[in-house]
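Residue numbers start at 1 and run along the sequence shown. Computed from a predicted model, the values in this text were never measured in an experiment. Computed over heavy atoms, backbone and side chain alike; hydrogens, waters and symmetry mates excluded.
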Amino acid sequence: MSGEAAAGGGGEANGVQPNVTIYINNLNEKIKLEALKKSLNAVFSQFGKIIEVLAFKTLKHKGQAWVVFEDVASATEALKRIQDFPFYDKPMKIQYAKTKSDVIAKADGTFVPREKRKRNDEKPEKKQKREQHHDVNQAGVGMHAYPGAYGAPPLSQLPFGAGPKVMMPEIIVPNNILFVQELPHDATALMLQMFFCQYPGFKEVRMIEAKPGIAFVEYGDEGQATAAMNLLQGFKIKENPMRITYAKK
């Protein structure tokens with residue numbers, strides 16, 4: 001399978017009708033498969049329930065993925081709003097998929113089992129189709145990101161969860177390092193980097209292994225950190241909004 005001709009299609013303009021599966025290419029090929037799946041979940045689950053995320057290790061599938069939504073409206077909204085989203089430093093190219101995944105075919109009764117045959121006995125086009133339809137398990141525990149309210153709320157309004165207690169500074173002096181809380185314990189620095197690196201001045205994400213659920217994000221200066229905090233304040237991950245403040249100096 002290669003590029004757009006493989007499975008992506010070009011939307012209604014190329015005769016592909018809107019459907020529940022979107023095809024994404026121009027993805028960063030350096031990202032490991034599981035990290036890629038989790039990150040795709042983080043970006044796309046804000047538009048609706050995701051049934052599965054498909055991505056493959058094979059060379060000809062590099063830089064490509066498929067996301068299957070529960071309904072067409074969610075897929076359409078994602079296609080419109082996330083087109084060219086800077087995903088790990090590369091703008092995503094999104095189209096409706098030309099073919100439905102096995103999970104959808106089984107649900108609507110159109111699934112036809114394929115014969116198991118040796119790869120070298122298959123014609124290239126049939127082999128290609130089989131690999132494209134191959135079932136993969138849904139990508140573990142996804143990061144469910146939802147855009148929340150913009151702007152940092154007053155400290156008096158910040159809720160404290162039942163998780164590990166983190167002492168908040170009584171006086172917060174604006175600076176270039178952000179303190180992020182309410183993260184799921186399986187969040188990784190690479191995952192957070194995908195969100196915070198979109199904004200100018202981003203330097204790095206630092207996490208503390210002994211204290212899951214928190215992170216520090218550094219920017220070049222105070223103004224850049226403030227802009228990123230205001231834009232990402234309240235982004236939901238697993239139903240809980242990120243709580244972002246300036247780090248204590």
Side-chain angles (χ1 to χ4, degrees), residues 28 30-32 34-47 78 81-82 84-92 140-249:
N28 193 324
K30 296 180 181 179
I31 306 304
K32 292 184 178 179
E34 288 307 310
L36 176 66
K37 289 180 181 179
K38 283 188 176 183
S39 297
L40 288 170
N41 251 311
V43 172
F44 286 101
S45 60
Q46 60 185 289
F47 301 109
R81 291 182 55 188
I82 302 295
D84 294 322
F85 179 83
F87 188 78
Y88 291 117
D89 301 322
K90 296 187 69 175
M92 290 191 290
V141 180
M143 302 274 288
H144 301 289
Y146 294 80
Y150 291 110
L155 286 178
S156 61
Q157 297 179 13
L158 291 174
F160 284 84
K165 299 300 181 182
V166 179
M167 294 299 293
M168 291 291 294
E170 294 182 3
I171 300 177
I172 299 177
V173 179
N175 61 84
N176 67 317
I177 300 177
L178 301 177
F179 179 48
V180 186
Q181 298 182 82
E182 304 300 337
L183 297 170
H185 288 191
D186 59 353
T188 64
L190 186 63
M191 178 80 66
L192 293 176
Q193 179 180 323
M194 182 187 70
F195 292 103
F196 286 93
C197 75
Q198 300 175 59
Y199 305 105
F202 171 81
K203 285 192 172 182
E204 66 173 342
V205 172
R206 296 191 295 273
M207 303 188 78
I208 302 174
E209 186 175 351
K211 294 184 177 181
I214 66 172
F216 295 90
V217 182
E218 183 176 353
Y219 283 86
D221 58 44
E222 173 192 321
Q224 293 167 336
T226 301
M229 177 174 68
N230 289 338
L231 290 167
L232 287 173
Q233 190 71 256
F235 245 73
K236 288 184 179 179
I237 299 178
K238 288 191 175 179
E239 304 302 325
N240 294 322
M242 285 193 292
R243 184 146 50 97
I244 310 173
T245 61
Y246 297 106
K248 184 178 180 180
K249 284 282 190 174

Undergrad: Looking at side-chain heavy atoms only, is the closest gap between Asn176 and Gln224 below 4.5 Å?
TA: no

Undergrad: Ring centres of Tyr246 and Phe179 under 6.0 Å apart?
TA: no

Undergrad: Do the side chains of Leu178 and Thr245 get nearer than 4.5 Å, heavy atoms only?
TA: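 Not in contact.
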
Undergrad: Within this structure, what is the CG-CG distance for the pair Leu36 and Asn28, rounded to the nearest 0.5 Å?
TA: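 Between Leu36 CG and Asn28 CG, I get 9.0 Å after rounding to 0.5 Å.
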
Undergrad: Drop me the distance from Met242's CE to Glu182's CD, to the nearest 0.5 angstrom.
TA: 11.5 Å

Undergrad: Looking only at heavy atoms, what is the nearest atom pair of Val43 and Phe47, with distance?
TA: O-CE1, 3.8 Å

Undergrad: Measure the spacing between OG of Ser39 and NZ of Lys32 and express it to the nearest 0.5 Å.
TA: 13.0 Å

Undergrad: Would a 4.5 Å heavy-atom cut-off, applied to side chains only, mark Leu231 and Tyr199 as touching?
TA: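 Contact flag for Leu231/Tyr199 side chains = yes.
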
Undergrad: State the CZ-CZ distance between Phe87 and Phe195, to the nearest 0.5 angstrom.
TA: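 Reported to 0.5 Å precision, the distance equals 8.5 Å.
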
Undergrad: Counting C-beta onward and ignoring hydrogens, is there a side-chain heavy-atom pair between Lys37 and Leu40 closer than 4.5 Å?
TA: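 No, too far: nothing below the 4.5 Å cut-off.
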
Undergrad: Looking at every heavy atom in both Gln233 and Ile244, which two are closest together, and how far apart are they?
TA: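 Shortest heavy-atom contact: NE2-O, 2.8 Å.
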
Undergrad: Using 0.5 Å steps for rounding, measure from the NZ atom of Lys203 to the CD1 atom of Ile177.
TA: 9.0 Å

Undergrad: With side chains defined as the heavy atoms from C-beta onward, is the minimum distance between Lys211 and Ile214 less than 4.5 Å?
TA: yes

Undergrad: So which heavy atom on Pro241 is nearest to which on Gly234, and how close?
TA: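 Looks like CB-O, 3.4 Å.
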
Undergrad: Can you tell me how far CG of Asp84 sits from NZ of Lys90, rounded to the nearest 0.5 angstrom?
TA: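 Rounded to the nearest 0.5 Å, the NZ-CG separation comes to 12.5 Å.
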
Undergrad: Does some side-chain heavy atom of Tyr219 sit less than 4.5 Å from a side-chain heavy atom of Thr226?
TA: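 They are not in contact (no side-chain heavy atoms under 4.5 Å apart), so the answer is no.
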
Undergrad: Looking only at atom types and distance, does a side-chain atom of Asn175 sit under 3.5 Å from a main-chain N or O of Glu222, one as donor and one as acceptor?
TA: no

Undergrad: When you measure from the side chain of Gln193 to the backbone of Glu204, do you find a donor-acceptor pair of N or O atoms at a distance under 3.5 Å?
TA: no

Undergrad: Leu192 versus Met207: any side-chain heavy-atom pair under 4.5 Å?
TA: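 Leu192 vs Met207: side chains touch.
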
Undergrad: Dump the intermediate steps for side chain to side chain contact (heavy atoms under 4.5 Å, CB included) on Phe202 and Glu218, then the final yes or no.
TA: CA-CA 6 Å; Phe202 171 81; Glu218 183 176 353; over 6 Å; no

